[in-house]
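Just below is one structure, and these are the notes that go with it.
From a predicted model like this one, the values you see are computed outputs, not experimental measurements.
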Amino acid sequence: MTANLTVNLTMAVVLAALYSAGFYLLMQRSLMRILIGTVIVGHGANLLLQLAGGPPGRAPILGDAAPEQMTDPLPQAMALTAIVITFALTTFLLALAYRSWVLLGHDEVRDDVEDRRIRRLERRLAESEDDKANEDELEREATQ
Amino acid sequence: MSAFVLVHLLVALALPIVARRNTGMAFAIAALPPAAALTWVLARSGAVLSGDAIVEEVPWSPLLGLEFTFRLDALAVLMTLLVSGIGVLVLVYSIGYFHAGSGDARRSAPLLLTFAGTMFGLILADDLLTVYVFWELTTVCSFLLVGQAGISRESRRSALQALMITTMGGLVMLLGFVVLGEAAGTYRISEIVAEPPGGTPLAVAASLILVGALTKSAQVPFHNWLPTAMVAPTPISAYLHAASMVKAGVFLVARLGPVFVGVPEWWLPTVVFGLITMVFGGWRALHETDLKKLLAYGTVSQLGFLMVLVGQGTYAAALAGAAMLLAHGMFKATLFLVVGIVDHQTGTRDVRELSGLGRRMPALATIAALAVASMAGLPPMLGFLGKEAAFGAFLEEGGGTGLLIDFVLLLGSVFTVAYSARMLWGAFARKPGVAPTGGKQPGAVLLVPAAIPAFAGVVLGIGYPLTDELAGSYAAVYGAGVDPLHLELWHGFELPLLFSVVAVAAGLWVHAMRVPLTALRRRLPKPLDAQRGYERIMALLERTAVGVTGRTQVGSLPTYLAIILLTVVAVPGSVLVYHAHVPADMALHHNLLQIPLAILVIIAAIAVVRAKRRLTAVLLVGVIGYGIGGLFIVDGGPDVALAQFLVETLTMVAFVFVLRRLPARFTKGDAARSLRWPKLALSVAGGVVIALGAVLFSAARQQPPAVSADFIAQSEEGAGATNIVNAILVDFRAFDTVGEISVLAVAATGVASLVLASRFDRRRRSSRGAQATAPAERPGVVLSGNGNGRRQEEEQS
Amino acid sequence: MTDPRITAPRNGERPGVPWTGWDAPRERWLLSGFPRDGRERAVLLELAARIVFPTVLVLSIYLLFAGHDRAGGGFSGGLVAGQAFALRYLAGGRMDDSAIISLRPPVLIGLGLTIATLTGFLPLVFGQELLESAIFKISVPLLGQIKFVSSILLDIGVYLLIIGVVLDLLRTLGSGVEADAAAAERGQA
Amino acid sequence: MTTPARRALRRLPLVLWLTAVWILLWGTLDLGTLVFGLLVALLVTLVFPLPPVTTHMVVRPLSLLRLVCYLAVDLVVSTVRVSWQAVRYGPRTRAGIVRVTLLTDSDHLTAMVANAVSLAPGKFVMQIDRAHRICYVYALGMRAGGEELVRREVLALERRIVRAVGSAAELELVGRIEDSAGTAGKEDA
Amino acid sequence: MDVVFVVTFALLCLAALLALIRMIMGSSTLDRIVALDVIVTLIVAGTCVSMGWLRDGSNIALLTTFALLAFIGSTSAARLVEKKEPYR
Amino acid sequence: MTVLVALPVLLPLAAAGMSLALGRFADFQRIIGLVVLAAIIADAGFLLYLTDRTGPVVLQIGGWAAPAGITLIADRLSALLLVVSAVVTFAVLIYSIGQRLTDYGRERASTTFHPMYLVLCAGVSLAYLAGDLFNLFVAFEIMLSSSYVLITRRTTASRVRAGMTYVIVSLTSSLLFITMIALVYAATATVNLADLGGKVAMLPEGLQVALGLMMVIVFGVKAAMVPLHFWLPDSYPTAPAPVTAVFAGLLTKVGIYALIRTQTLVFSHDRSWTLMLVIALVTMLVGALGALAQNDLNRMLSFLLVSHIGYMLFGLGVYDVIGLTGVILYVVHHITVQATLFLVSGLITRHTGTVALSRMGGLAKAAPMIAVLFALPALSLAGVPPFSGFVAKLALLQAGIGAGTWSAYAVTAGTILTSLLTLYAMARVWTRAFWGQVRAPEADPDPDDELVVGTGNSTRPMVAATGVLVTASVVIALVAGPLAGVSERAADDLMQGTTYREAVLGGAR
Amino acid sequence: MSVLDVISACCLVLGALSCLLGAVGLLTFPDVTARLQAATKPQTLGLILVLIGTALQLDFHYSLALALVALFQMLTAPVLAQLVGRAAYRADSIRRENLVVDEMGERIEREHDRP
Ligand code: NA
Ligand code: NA
């Protein structure tokens, strides 16, 4: 376990690339893209976890290497756990995408219906500056 | 005392059972606890009035200063007469008033009793927080009693308005209580009175507490909830909105007055708002045709009067205030009950429809006349005592201010006399051109409760020494001084008497001039329409709510994620960038192999973003995964690499399973073109922030990982493993592993529940298809706010 | 969409078999015989699966036990075994009769979870701390010293659970989606 | 015919193979590993039994070795050839799909032929028609009229395979056809 | 000997890069599957070379597993794409 | 004795395993669920007693002393929250069982609901007990993954969308969580919370601040703090009542708990943490205004949930003993009351067939029991005395006034305003749904899904379960004295930090 | 460098070269099937060479296990090739103009055309 712990430039760029790509995909509407985005960010996170242990070294297996040469085992164990958890959630999200496709015929995340209603209402209220309209608008919106 | 409060509440809790069978019986039972309370208080009043207050403490949460502290003193005795005394009467009256078995009756009996209990608690409270507890409970009772079944929109709105205004005041008052309590170090009123804190907190507390008092006691500009609350059944109006609850504000000012003696933030608003309210209420009452509304505005006016008196903070004003408090409770309760009888027997309470009722119901008219006399301040009624004393109190103070106040009070009194006359005239006089009103004679159960306070007004007026003792022992909190004012029927020919005479005379004149005055009022501008103000504020509230929510809660997941990311970039990200000094010894790589693998991963990552086909993207993700697996190997993590490879493959298989059914290409027009670059910029910023974080945090480590050294040292002996990662997984940190497999189990179960759902759908559909020739396709339906089973067109098309 | 040649008219050589079905082997190479969800058989794949499947299972058991001293462990072992089943599925086997012991995947998952959690309590019986491990070294004649670390029980629980999870994924994302697709083709979707 | 003993015997090669894999994985050959390996192999074969097949393989080590050598040489030669193609012709490279009717008729021999053909660059079996013992072989870099050559190469490979692992009957069959074909056998001797 | 390993790695990396280009270019899914198979095989080869370099063969099982995975991943993709791609 | 700390985690997990394995036996599933949750109530109660009497109960799992091994620690705060959560989960399970018995009959088992519910309970418990950042992450994942399943179970077209929002946002926050753990480890080489306290303090100040903010974001998403809250009102309302009840009651509070734990144990703040106060104020107001814009009962409740998260942030922002006392009291109160309100909402929709307030009416007459069950928690939520909400709010007000800064005053005023708006929202529910003409129930718009509505009935177990929670909230108010005492001691522990640290690390090396 | 080292070095470099050539083919060949040829086969050879090269660097008992890897590769690569080729033929990813002869297509045509 060496002293120089700074994540090197190459790895920093990889991290930046993975997180950027993942974040970008996360902000899309296609659930499959979002899902891929989470997978990529997950990869980035797992890599980061591994890197948090320090620079490369020998596998932390007694007998194969001296303890000083070994990489830090704890982040590896945590990365392993994280990998499995990410995998579990990925499959779930995949099933969700599938279910969404079966039910809706697409796998997109559309805007929330109820929020859209309130946005409509907001626009209508902004147009009519009359106070009295308020309650009536609300009731009309609600009962339509 | 707590026992009495509790009995009220417990009986009220049990009352619905009785009320379901016999509402009359329910009201009769409901009258018992207040009667008992009244009896108990009166039995002890002798000692109490001579200065021996009875104190009881029930601890609740001492840490927060929360306790129920009750203290029976002169003010409390006085208020008990109103709260419990009138309470008993109203409950008895209700037996006759409500239709037996009606929904209103079933609701009202327990609620009225609850109200009586909380009000009783309120007047006994010697603790700010205790006051607040009961204060808010009375508000809730009022809401439920005003709204009843909430059938009409008017009743719902009125109840809501009363609730909102008084709660608003109550909450501000609570804040004031906390300020006061924290400044004083105690919430016990008697202790604060004994040793009031000073300085800014006191002034702030005064202003805040007054908001509560002014709203609860319907002072201008918060007054309007009171007239609108008149949609409630009349016994409720009589009890809550005349005799007791609306007095709570006045009571509070009276109670806390000694704390704030000489604090301008305290007395100035009470006087100013009180005077305005008195005049304004009286003026409005002059023009009402609905007797109840008339009384309501009269109440507003009188509450203003009371506020002026109790807010003044002198012995004399307090004395007058106490007398008026009592007087108002008596006559206003009577008048409401009378109007209730009129309404109940004739079916109307409109002055334009009522005619000749005095002749038909002389007993009722007599009772009303007694009460009106008290209200108008005619001797020898209790009202006269109070009013004389009031005029005297401010004169005694001397100076321009006292005189000014007296003149405004006089104006108010003129209006009071005028609407008193209007009330009597409106209800009982024979009016030309109006058919005599019919209707059955009221029974004793209605008449007697109305009569008792009316006669009490006479008795307390004639028996003025008794009244003086009662009021005086309250006023003594301000110190009686050398030659204290006394309540007397005859002070001699002095200015107060003149004022009284002028008030009566002018008032009668004003009543005579009612027709031109009403015309005048129509022509006057309406600068102060509190009702419209309230409506505007509520509309503004709704508008703001919809506006803010409509603009922020956009319902778009990408936006939400963008906001989260933006927060990450903006908040910790900016701090990182600000503190960034990239370490000088930062290497390009630690192992040559990192570079090609990095290139592989980066290219694949860029390609994924640009991929148009789902499978392509998945395969590229696979490349990323394998590439990272390679990096793990290079890093010296064979276990992680192995898991990574395995998981990556399995993920890919799972993806491919699902992609069989999805279209090959991603949906076109996935993102609005204009948002593409901002999104890209944001994501790159996010990525850079995290990479920067990785560099900075890893560079900041100062100590070697002691924990891991432990693991390495103990692995063989302690965990029986040479593979330390595995030792961590199954031994050192086995609990993580247990958790992790739970997640796996959960995910698998979830996948099954989602994917196999379509199988169940099919099965259900086929079984349903076998039953009927219903359409096989079920549209997706929303169960949400507007979800009236309407199809979600957007979702389907 | 459908190529007429797939349901080509009889041709004397092999009536009724579309060309995509020519690959079918003659014998049953895997226990479950042939795919029931309409996928074509492939003789090459089935034979490969027949050899690879048990081999990979051995590999997975190796990883399970070797995990204490080398790369591996219950996770990796379970996942590798899972891949073996995935291969079987791909080769056309049905998942539910691939073993003589027929356990539904959720049962296997539940079993694994129960084992993994309950074994943690075992040390309490011996007066140790929760999830504390014990190492037993037994000398067996001829075989030498055998080391048994009690935490292997957790690993076994993990191993079983993960196999269950993969089997469940094959049941749902595999067969389940396949069945949906078939239903969609029949016009039931 | 299928007494338990014979069934067990039939499983023996698999058990041995799995045991060998176990030992290879551990990299140590001692009694403990062997015993555990046997146990694991038995476990796997018992829990996940494979269906019995009627055809048998007879391994002839010497022929097998020759086959392996042949394949190795073929692999190298073909690699060079295809690489040349890739560099020389690139996108203009031509190919053909040739129908080869095999002499033998068993699943595993067909599979092995297909595998062997596919191992080296240049050719692979694209489609098998098991019912008619046909392999459709895709050959890269083929010139017009090169079908016969491809067929000959494939059949020669088949003969080598039969010699290495074919049953007596198949060996006899191959030999017979070889005789009748006359020159065919000499070409690849 | 180090030179040999570096050269070997360089060649393998170059190959992986080419395969990645094929994966990105396509043009069909099958091309990409093939490319993925190549990449995984190259990673297996690379792992193998690194074992030689470090003269540490303890993780040979890893290699076996990887070799297997390359097969299963690509096979699943190929097998399941079969039905998805249009018949000619 | 220390094993008691692990029981709230391991028992439900084992029960979930069995429930999954024996998925065909419906009665077994029900019984084991109830028995385990009841056992947890008892266990948690005992833990609370122990911790309050003798200090934190610490379990070093596997006998590996912290910071190497994983530590489970029950201190006053976690034990208290454990008790409340256990009661809520127990009551909700009764509700849910009652509902399923009515709608599907006794025979029908669910392979999904019971195991997932138990896992959820385990996750929540572990989140309270974890003394280790990574273990906390695992706890979050246990809790979240099972919540994903519960919220998407038997989805319909409308619910699958809401589920997506929830799952994806939660997943994103989880990914940020791992990222943060990696950064923490990179800098300190430890993930033990007690150990981190000292190690983080040695970092450069900029990194400390950045790390602290990162944690605020990670837990803030879970806690639905503005502006990270948007997902909540879009997703919670669509789930079946018991699910929403548990989510609303517990999951956000777990975020708050994690926030409190980390910000007190790992980081240090000045008294009156202005940023948090600002967030608190905005959260309160945005939530309350959002509630007023809604016509959908569940969405309104969800916005109120967001709004009242602001209260808890307020107490944390004041950052002194009384402030944290207020937060703890508020969390305890809010878990109970918010869960109750969603259960009541479930009862309401069963009666009306709709969640649209405008299409309800006359419930006070049609179903007086529901009216009572709604009124009490509604008043409590609005902070009307003498209910539990008032006690908690009072502590916060005292903290705000005592803090003596303008930002604290502003938030105190905001608290008052929010109370008013909450009451308004609740009163509007009352006037629209409970008052007015009685309406016939609407037909279930989607008979196939988990949400059975418009049946016009509610069975005894459902009402009883709701009643249990209402009673619980009344009891909270009744025992406000001792409760505030425990909360104050817990808050004191939090501010000191030494008790926790010594309990965890005392035996180490 | 010992003799073994030299052999090992040759194997390693040649193996890597083979892999590279395969990758070149993957990039340059016209259609899936051709690329498949180019990709999988030299890959197999390359891997086997690399395995040999590595085996020479390690203890003997590792070589056996490496042989297992080689065996796996030889067993599985053709299977994948066949699957992909078959799928390519179906998906019409083969460039027909590059085929000098297609006896399979002929048969399919024939069976289809026959009434
Ligand atoms: Na309504
Ligand atoms: Na439904």
Side-chain angles (χ1 to χ4, degrees), chain E residues 1 3-5 7-19 21-22 25 27-31 33-35 37-39 41-42 44-46 48-58 60-61 63-64 66-68 70-72 74-75 77-79 81-88, chain G residues 1 5 8-10 12-13 15-24 26-27 31-33 35-36 38-40 43-44 46-47 49-51 53-59 61-63 65-66 68-70 72-73 75-77 79-81 83-94 96:
Chain E
M1 202 62 202
V3 181
V4 173
F5 283 113
V7 168
T8 312
F9 271 124
L11 292 173
L12 291 178
C13 290
L14 195 59
L17 197 66
L18 296 181
I21 291 171
R22 171 51 71 204
M25 280 168 47
S27 56
S28 76
T29 307
L30 290 164
D31 286 306
I33 292 169
V34 172
D37 186 59
V38 169
I39 291 176
T41 312
L42 287 171
V44 174
C48 186
V49 174
S50 75
M51 276 168 54
W53 198 354
L54 295 173
R55 295 182 184 275
D56 173 12
S58 57
I60 219 122
L63 214 58
T64 322
F66 288 0
L68 166 84
F71 172 57
I72 289 177
S74 317
T75 305
R79 183 105 166 111
V81 156
E82 271 183 355
K83 280 196 126 177
K84 184 138 180 89
E85 298 276 325
Y87 297 105
R88 76 190 171 101
Chain G
M1 273 175 96
D5 271 356
S8 159
C10 290
L12 285 172
V13 173
L17 212 57
S18 169
C19 286
L20 179 63
L21 282 172
V24 170
L26 181 66
L27 210 57
D31 61 5
V32 184
T33 31
R35 286 174 202 144
L36 185 66
T40 55
Q43 226 56 239
T44 309
L47 181 62
L49 285 175
V50 166
L51 286 168
T54 306
L56 293 175
Q57 298 285 329
L58 297 174
D59 286 351
H61 69 262
Y62 292 129
S63 351
L66 289 176
L68 195 64
V69 178
F72 252 91
Q73 178 70 14
L75 181 67
T76 56
V79 178
L80 181 67
L83 286 177
V84 171
R86 205 167 77 145
Y89 194 83
R90 283 185 188 193
D92 215 2
S93 297
I94 295 180
R96 242 141 252 291

Do you know which of G/L68, G/L75, G/T44, G/L51 has the most heavy-atom pairs under 4.5 Å to chain E?
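Highest number of heavy-atom pairs under 4.5 Å: G/L51.
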Given G/V69, G/L58, G/T76, the one with more heavy-atom pairs under 4.5 angstrom with chain E than any other is G/T76
If you tally heavy-atom pairs under 4.5 Å against chain G, which of [options] wins?
{"options": "E/L68, E/V7, E/I72", "value": "E/L68"}
{"options": "E/L63, E/D37, E/L12, E/I60", "value": "E/I60"}
{"options": "E/G52, E/A10, E/S74, E/C48", "value": "E/C48"}
{"options": "E/V34, E/L14, E/I33, E/L11", "value": "E/L11"}

Only counting residues at least two apart or in another chain, list the ones meeting salt bridge (Lys or Arg N to Asp or Glu O under 4.0 Å) with E/R22.
none
The interface call for E/F5 against chain G, heavy-atom contacts under 4.5 Å, is side chain
Which atoms of E/A16 approach chain G - backbone, side chain, both or neither, heavy atom under 4.5 Å:
neither
Please examine the side chains of E/L18 and G/L26, heavy atoms only from C-beta on, and report whether any two atoms are closer than 4.5 Å.
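They are not in side-chain contact.
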Side chains of G/F72 and E/F71: does their closest heavy-atom pair fall under 4.5 Å?
no
Just by distance, with hydrogens left out, do E/D31 and E/S28 show a side-chain donor and acceptor under 3.5 Å apart?
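There is such a pair between these side chains.
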Under a 4.5 Å heavy-atom cut-off, does chain E meet the side chain of G/Y62, its backbone, both or neither?
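Both parts, backbone and side chain.
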Name all residues meeting the side-chain hydrogen bond (donor to acceptor under 3.5 Å, both in side chains) criterion together with E/S50; count only those two or more places apart in sequence or in a different chain, and write none if there are none.
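Residues passing side-chain hydrogen bond (donor to acceptor under 3.5 Å, both in side chains) with E/S50: none at all.
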Value rounded to 0.5 Å, distance of CG in E/L30 from CG in G/D31:
11.0 Å
